[in-house]
Amino acid sequence: MTNAIEMLGISKVFPGVVANDNVNLLVKQGEIHVLLGENGAGKSTLMSMLFGLYEPDGGVIKIWGEEVKIRNPNDATALRIGMVHQHFKLVHNFTVTENIVLGMEPRGGMGNIDLHSAEERVAELSQMYGLAVDPKAKIENITVGMQQRVEILKILYRNADILIFDEPTAVLTPQEIDELLAIFQLLKAEGKTILFITHKLREIKAVADRCTVLRRGIYIDTVNVSEVTESELAEKMVGRAVTFRITKKPAQPGDVVLKIEDLTVIGAKGTPAVSGLSLDVRAGEIVGIAGVDGNGQSELVSAIAGLLPVHSGRVVLQGNDISKDSIRKRNESGLGLVPEDRHKHGLVLDFRVDENLILKNFRKPPYSNSIGFLQFPAIVKHAEALIGDYDIRAGNGPATIAKSMSGGNQQKIIIAREIDLSPRLLIVSQPTRGLDVGAIEYIHRRIVEERDKGRAVLLISFELDEILGLCDRIAAISKGQVVGILPVEEADERRIGAMMGGVASKGAAYA
């Protein structure tokens, strides 16, 4: 079979880090090929060179057997290469069609943009590939999964034959992931070549033909996916055996740390996103919120953390009503938060790693002196310790700018900062989204350690395996209400899944 892509001896160096070191990648025409590696392994850098966002420092790129120079994305588009980025490149107040044709708008007889013919073409492509996108819908009014379909249509509209996806399932619900993998199979059947980055081994086994593994910027192996197990893939990626099973001793719950009483929160549409919800979380236990995305989880977390106002009801932390407290006061009262959106609520992307690691305690010694001046030696020393403890891949050490780092390493910064503060209540929302299996294993262990130290942990995750593996009690949420609460010993995917759909389960407790 002809090779659609040959990247031979590719190297790329940034200040303080070798991102790719003499990497080889061969992708056959019409296959689904996965690029697998830990956070910071150089996967996105390699794909960025294939799409013209960076130029390699060394090596050769061949497309359909011919050596090419890809200096910018226009060169890549001319070679019929398209890329869907991890963080979508969409104009939110434009329609689907306006986003898809942006930069190559069709013109009518008078030179005006012919939006009608563009909408017809988008509708045709949408139907052809089973994408079910409304050409006239505004981006701000559609789901994240639908926005990703718009990104796919953007590259299909430009006649791409080679489709690159960077962490395409990182922000999708389980149902949307299944739908995307089905779309991949359809694209493959149409003769497209698909190359995508993922950390999720199940997805690789479900849809990929071959897989190339990178580790710390170095090529490790290319394997036929049907011939390897998930454990073998994980070991190639991390360089050691990985334990998928979460080991923990039985919980020893103490006093109630968080008490939510009849809470109602108004969502963005002006209607209750959380409606009369009650829930307790005790010291020394992990309580999980299981639910399909969009059923009030985000609004619940925002109301506890102070990002959204409480319409009615109460949020009580260690016996004190914090419903109207400022965010800073809640933090000082012992609330830690790993937010769902790390860019919007977790980091200042233009700040350095060391600055992000003290966002919540920079006013306190040893990071500030008595008259409020920052003490940079202490700040740097603190960052160096956490970078080592949490294996944060920061090419320039504490001085690394957060936005220059991979999504997984950005997540590690947040988790390191929040756990380091030893909060009485730790809220973790999608804590392992975008992390590789080695990092997930480590983060899970740290969360369990916090429980064992007597912290109360509230976990929100769309990954049922994560909920079932980590939690001591599981609260299923549907339409902003708790449908039921089960001890983990009585829970399984089928029972929790039914409760997530709004079906009460016999024997389940209610808060």
Side-chain angles (χ1 to χ4, degrees), residues 27 30-37 43-44 47 51 81-90 96 99-100 122-123 125-135 137 139 141-158 160-212 225 230 233 291-294 340-341 407-408 430 432-437 440 461-466 493 497 500:
V27 181
E31 75 170 342
I32 299 176
H33 195 113
V34 166
L35 199 56
L36 178 66
K43 309 178 300 297
S44 294
M47 292 301 92
F51 191 60
I81 301 171
M83 184 170 182
V84 175
H85 301 271
Q86 182 177 357
H87 303 290
F88 305 147
K89 313 291 185 183
L90 298 171
V96 165
N99 271 278
I100 289 170
V122 169
L125 283 170
S126 178
Q127 183 175 7
M128 182 185 304
Y129 293 101
L131 294 168
V133 173
D134 178 2
I139 296 298
N141 296 329
I142 62 177
T143 66
V144 171
M146 202 59 70
Q147 288 177 32
Q148 187 173 68
R149 295 182 180 204
V150 176
E151 289 280 18
I152 296 171
L153 282 169
K154 274 172 62 177
I155 57 179
L156 293 175
Y157 185 86
R158 288 158 174 75
D161 287 324
I162 297 171
L163 281 58
I164 307 167
F165 294 85
D166 188 357
E167 297 281 4
T169 64
V171 295
L172 301 185
T173 65
Q175 181 183 1
E176 288 170 333
I177 291 171
D178 291 341
E179 291 169 355
L180 179 65
L181 297 184
I183 290 166
F184 280 2
Q185 294 283 21
L186 187 57
L187 290 167
K188 175 186 173 182
E190 292 285 332
K192 306 294 184 184
T193 301
I194 297 172
L195 181 55
F196 77 102
I197 298 169
T198 186
H199 296 122
K200 298 183 178 180
L201 302 177
R202 283 188 180 181
E203 295 171 10
I204 297 173
K205 292 295 290 182
V207 77
D209 299 304
R210 292 194 303 150
C211 175
T212 292
V225 170
E230 289 185 22
L233 284 172
V292 177
D293 189 17
E340 177 180 353
D341 189 331
Q430 318 303 335
T432 58
R433 175 179 283 172
L435 296 187
D436 59 69
V437 290
I440 289 171
S461 176
F462 299 139
E463 304 286 347
L464 267 184
D465 284 350
E466 186 166 65
E493 286 195 15
M500 286 164 55

- Task: Begin with the C-alpha distance, continue with both residues' side-chain angles, and end with the deciding distance and a verdict on side-chain contact (heavy atoms from CB on, under 4.5 Å) for Val225 and Val34.
- Result: CA-CA 9 Å; Val225 170; Val34 166; 6.0 Å; no
- Query: Going by atom types alone, do Glu463 and Thr432 pair a side-chain donor with an acceptor below 3.5 Å?
  - Reply: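 Per modelled atom types, Glu463 and Thr432 side chains form no pair under 3.5 Å.
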- Message: Checking Glu167 against His199: is there a side-chain donor and acceptor pair closer than 3.5 Å?
- Response: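 Yes, a side-chain donor-acceptor pair sits under 3.5 Å.
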- Message: I need the minimum non-hydrogen distance between Leu233 and Cys211, along with the two atoms involved.
- Response: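 Nearest heavy atoms, Leu233 then Cys211: CD2-SG, 4.1 Å.
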- Message: Could you report the tightest heavy-atom contact between Val207 and Gln185, atom names first, then the distance?
- Response: CG2-NE2, 3.7 Å
Would you check if the side chain of [X] reaches a backbone N or O of [Y] as a donor-acceptor pair within less than 3.5 Å?
X      : Y      : result
Ser461 : Gln430 : no
Lys43  : Gly37  : yes
Arg149 : Leu180 : no
Glu151 : His85  : no

[X] side chain near [Y] side chain, heavy-atom distance below 4.5 Å:
X      : Y      : answer
Leu464 : Met500 : yes
Val133 : Val150 : yes
Asp465 : Arg202 : yes
Tyr129 : Ile152 : no
Val27  : Thr212 : no

- Task: Could you check Val84 against Leu163 for side-chain contact (heavy atoms from CB on, under 4.5 Å), going step by step and ending with a plain yes or no?
- Result: CA-CA 8 Å; Val84 175; Leu163 281 58; over 6 Å; no
Please output the side-chain donor-acceptor pairs of residues 186-194 that fall under 3.5 Å, not counting sequence neighbours, one pair per line with the distance.
{"unit_1": "Lys188", "atom_1": "NZ", "unit_2": "Asp209", "atom_2": "OD1", "d": "3.0"}
{"unit_1": "Lys188", "atom_1": "NZ", "unit_2": "Asp209", "atom_2": "OD2", "d": "3.1"}
{"unit_1": "Lys192", "atom_1": "NZ", "unit_2": "Ala160", "atom_2": "O", "d": "2.9"}
{"unit_1": "Lys192", "atom_1": "NZ", "unit_2": "Asp161", "atom_2": "OD1", "d": "3.3"}
{"unit_1": "Thr193", "atom_1": "OG1", "unit_2": "Gly30", "atom_2": "N", "d": "2.8"}

- Item | For Phe184, all residues meeting ring-ring contact (aromatic ring centres under 6.0 Å, His included), sequence neighbours excluded |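 Residues passing ring-ring contact (aromatic ring centres under 6.0 Å, His included) with Phe184: Phe165, Phe196.
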- Task: Test side-chain contact (heavy atoms from CB on, under 4.5 Å) on Leu36 and Leu201 and set out the steps.
- Result: CA-CA 9 Å; Leu36 178 66; Leu201 302 177; 4.1 Å; yes
- Task: Using salt bridge (Lys or Arg N to Asp or Glu O under 4.0 Å) as the criterion, list what pairs up with Asp134, not counting sequence neighbours.
- Result: none
- Distance col, row Leu35:CG vs Asp166:CG, nearest 0.5 angstrom, shows 9.0 Å
- side-chain contact (heavy atoms from CB on, under 4.5 Å) between Leu125 and Leu131, worked out: CA-CA 8 Å; Leu125 283 170; Leu131 294 168; over 6 Å; no
